[in-house]
Amino acid sequence: MNNKALKRSFAAALSVSLLGMAQTMSFAAATRNDTSANLFADDFESYATEMVSAELMPNWYMKDDLEACAVAEDGTNKVLKIANTTGAPVLAMAEKTTEKIEETPVTISFDVKVPETNSPVWGLVCPVMEETDNIDDTDFGQNRLVSIVKSENTDDTRIEIKYNDDTITPVSISTDTWYKVVIEENLGSSGYWSYRVSIYDEAGNTVGSDSRTGSPYMGSFQNINFTAWRTGAYYVDNVRINKISRGLLASDDMEYSSKEEASKYWKITDSNCSFTEIDTEHGKSASVTGGEFTPCVAAEPVVSGIVNIEFDTYLSGTSGTTNNCGRFNVLPQGYTDAGGNTIINFTQRGGDGDTNVDLYVGDQWINQCPTGWYRVRVILDLDSSKYTVSVTDTSGNNYCSGNANTVDVTTRAVSSFAAVNFTTWSDPFVIDNVEMNIVDDPCIITKSDVNTISIQKNAAYTGDVFTVLVGVYSGDVLTDVQFVNSVDIIGKKDVSINDVENRSIKVFVWNSAESLEPVMDMSSF
């Protein structure tokens, strides 16, 4: 449009603040839209203070010598006293309280206190992976994850976090003092289980913790039991079991202190994975150097609409090698091959002195990328089984130039979405600022290259028609205005923009060019 009067009128309209603020993006470590469902909770307040029995506590399963176990008073609270005389009493959730849980995490929490005593205390807390058909035959000691220990005639009292029979982390505690134990089991790691145990004092301060990957004690969950193997008693209160249903990861800036800490949310099969700082702007980034890096799979896959996936990666080419620098894969629910749906592939070029990295989208070579930071964006259109990729450097140059690919759903998993995977074999694949979300805006606006804006309509958007306006500024002066109506967008539309000095671009999405009422926030480039 070249009408000067029309341009002046839009220049005035574009300055009105109600048209929307520029889009901003912030990242927070492990911010996710998970939900929690309570499977079991008991604070023991509803019971009489007497010896435990199935009649007194119908929500509990009881086995072996229960003569010394009782509901007792602790100040104004009722608590569960666990002790034994000759055997090893077991107190667990009642049979079939929960079905076996395999694909989503579980959080187990309880309060514990060791009274002042000269008797030895050895209490076991064991998450049970599966009940047998006859609960009496279930092995309730199979996963001795946490032990409550006090040596005879000494003040040595501790909670032990156990990884396997040879690896134990002791956490010293005081007698006659309440502590909270929280066990987080990540059961959604597709066979590479992880857990984290944290112990808090009454003020909520962490007094000890440990986290492990590849645990022999994980895999599934169905029950929890408390056992006493020595004559000294310990007390339990506020037992709670929560099932965590993973949603799509919202954002993660990788500010983790260790692989074990990150494994609460990510499946990491790479033994050399680390979290290190490339520069102060990014802080810590994940560096994968020989394995898979996958988030816990979402509880429910996304099967329609548009999904936006973004991450930063640092490409540092190494002259003369031919090692793969990293693959990015999109995964459906119940996937069996984490590397079978490659969307992006960064591969080191061979030859002395060549430090560039080859960029492939799908199986197609696209470009060479010099050393530096890149923002990778993948837009999955699940309704049409297509995806669009942009790989943009810090100057705004898109090395894909708006590459769009029609994808055979038998070889690329873009008809459903449950997780992503970052994979490498040798060279580091640096990952930071990961974001995944379902797009509910009427369209997605990206900068395809220096002089092109790409507008993709969201097929899942059910609102009214809309108008996209692209405005090009030189300083505060509007130099060009272009309109795109939603009825004219089929798939993706590219809009060419003027290359002028001191240029900036603002894109507005209105319900119409007449009313100028915004239907999504303004994008600035």
Side-chain angles (χ1 to χ4, degrees), residues 38-98 106-128 131 135-136 138 140-141 143-150 157-160 173-183 197 199-202 221-242:
N38 180 248
L39 302 180
F40 182 86
D42 202 338
D43 62 5
F44 307 105
E45 295 299 321
S46 63
Y47 310 123
T49 53
E50 59 184 71
M51 187 180 79
V52 302
S53 65
E55 293 73 26
L56 177 67
M57 301 170 62
N59 294 328
W60 289 80
Y61 165 79
M62 303 175 189
K63 185 179 181 181
D64 296 338
D65 177 22
L66 302 172
E67 183 178 340
C69 299
V71 174
E73 292 184 351
D74 183 76
T76 60
N77 297 320
K78 292 180 181 178
V79 300
L80 178 61
K81 175 186 175 183
I82 303 175
N84 78 79
T85 53
T86 58
V90 170
L91 290 96
M93 294 189 299
E95 184 177 10
K96 304 299 182 183
T97 298
T98 68
V106 171
T107 299
I108 304 161
S109 62
F110 58 93
D111 298 339
V112 64
K113 182 174 82 169
V114 177
E116 292 184 358
T117 177
N118 289 324
S119 300
V121 176
W122 189 6
L124 302 178
V125 182
C126 308
V128 176
E131 296 175 1
I135 193 171
D136 290 331
T138 298
F140 281 97
N143 301 317
R144 302 172 190 177
L145 188 57
V146 173
S147 299
I148 297 98
V149 180
K150 184 183 182 301
T157 309
R158 60 196 181 275
I159 296 174
E160 296 179 343
I173 61 172
S174 301
T175 57
D176 206 30
T177 303
W178 282 101
Y179 296 87
K180 178 174 287 294
V181 178
V182 179
I183 305 169
V197 180
I199 302 162
Y200 306 91
D201 63 17
E202 291 182 280
F221 174 84
Q222 194 164 10
N223 209 321
I224 182 75
N225 89 88
F226 299 89
T227 304
W229 277 15
R230 297 290 186 269
T231 56
Y234 67 98
Y235 296 89
V236 169
D237 199 3
N238 298 319
V239 179
R240 192 176 186 91
I241 314 292
N242 281 356

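Model, not experiment: these values are computed from the prediction. When a residue number appears, it is its place in the shown sequence, counting from 1.
Between the CG atom of Leu80 and the CG atom of Asp74 there is a distance of 12.0 Å, given to the nearest 0.5 Å. Once rounded to the nearest 0.5 Å, the distance linking CG of Asn84 with CH2 of Trp122 reads 12.0 Å. Rounded to the nearest 0.5 angstrom, Glu95 CD and Thr138 OG1 are separated by 7.5 Å. The CD1 atom of Ile148 sits 13.0 Å away from the OH atom of Tyr179 when rounded to the nearest 0.5 Å. Taking OG1 from Thr175 and NZ from Lys113, the interatomic distance works out to 9.5 Å, rounded to the nearest 0.5 Å.
For the ring-ring contact (aromatic ring centres under 6.0 Å, His included) condition, no pair includes a residue of residues 63-84, sequence neighbours left out.
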Test log, rule side chain to side chain contact (heavy atoms under 4.5 Å, CB included), inputs Leu39 and Thr97:
CA-CA 8 Å; Leu39 302 180; Thr97 298; 5.8 Å; no
Would Ile159 and Val181 count as a side chain to side chain contact (heavy atoms under 4.5 Å, CB included) here? Give the steps.
CA-CA 9 Å; Ile159 296 174; Val181 178; 4.0 Å; yes
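Partners of Glu67 according to the side-chain contact (heavy atoms from CB on, under 4.5 Å) rule, which considers only residues two or more places apart in sequence or in another chain, are Asp65, Thr85. For Asn38, the side-chain contact (heavy atoms from CB on, under 4.5 Å) test picks out Ala41, Arg240, Asn242, with sequence neighbours left out. Under the side chain to side chain donor-acceptor pair (under 3.5 Å) criterion, Arg158 pairs with Asp156, Glu160, not counting sequence neighbours.
Closest heavy-atom contact between Gln222 and Thr98: O-OG1, 2.9 Å. Residues Leu124 and Arg144 approach most closely at CD1-CD, 4.1 Å, considering heavy atoms. Considering all non-hydrogen atoms of both residues, Asp64 and Ala88 come closest at OD2-O, 3.3 Å. Closest approach of Leu66 to Met51, counting heavy atoms only: O-CG, 3.8 Å. Between Ala83 and Pro89 the shortest heavy-atom distance is O-CG, 3.2 Å. Nearest heavy atom pair, residue Phe44 against residue Val239, reads CZ-CG2, 4.0 Å.
Looking at Lys150, its side chain does come within 3.5 Å of a backbone N or O of Thr117 through a donor-acceptor pair. Listed for the Glu131 side chain is a donor-acceptor partner under 3.5 Å among the backbone atoms of Lys96. No donor-acceptor pair closer than 3.5 Å links the side chain of Lys78 to the backbone N or O of Val71. Asp237 contributes no side-chain N or O that, together with a main-chain N or O of Val79, makes up a donor-acceptor pair within less than 3.5 Å.
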Please output the side-chain donor-acceptor pairs of residues 224-236 that fall under 3.5 Å, not counting sequence neighbours, one pair per line with the distance.
unit_1, atom_1, unit_2, atom_2, d
Asn225, OD1, Thr227, OG1, 2.6
Asn225, ND2, Cys126, O, 3.4
Asn225, ND2, Phe140, O, 2.4
Tyr234, OH, Thr227, N, 3.4
Tyr234, OH, Thr227, O, 2.9

Would you list the atom pairs, donor with acceptor, under 3.5 Å between side chains in residues 53-62 and any protein atom, with sequence neighbours excluded?
unit_1, atom_1, unit_2, atom_2, d
Ser53, OG, Leu56, N, 3.1
Trp60, NE1, Asp42, OD2, 2.8
Tyr61, OH, Asp136, OD1, 2.8

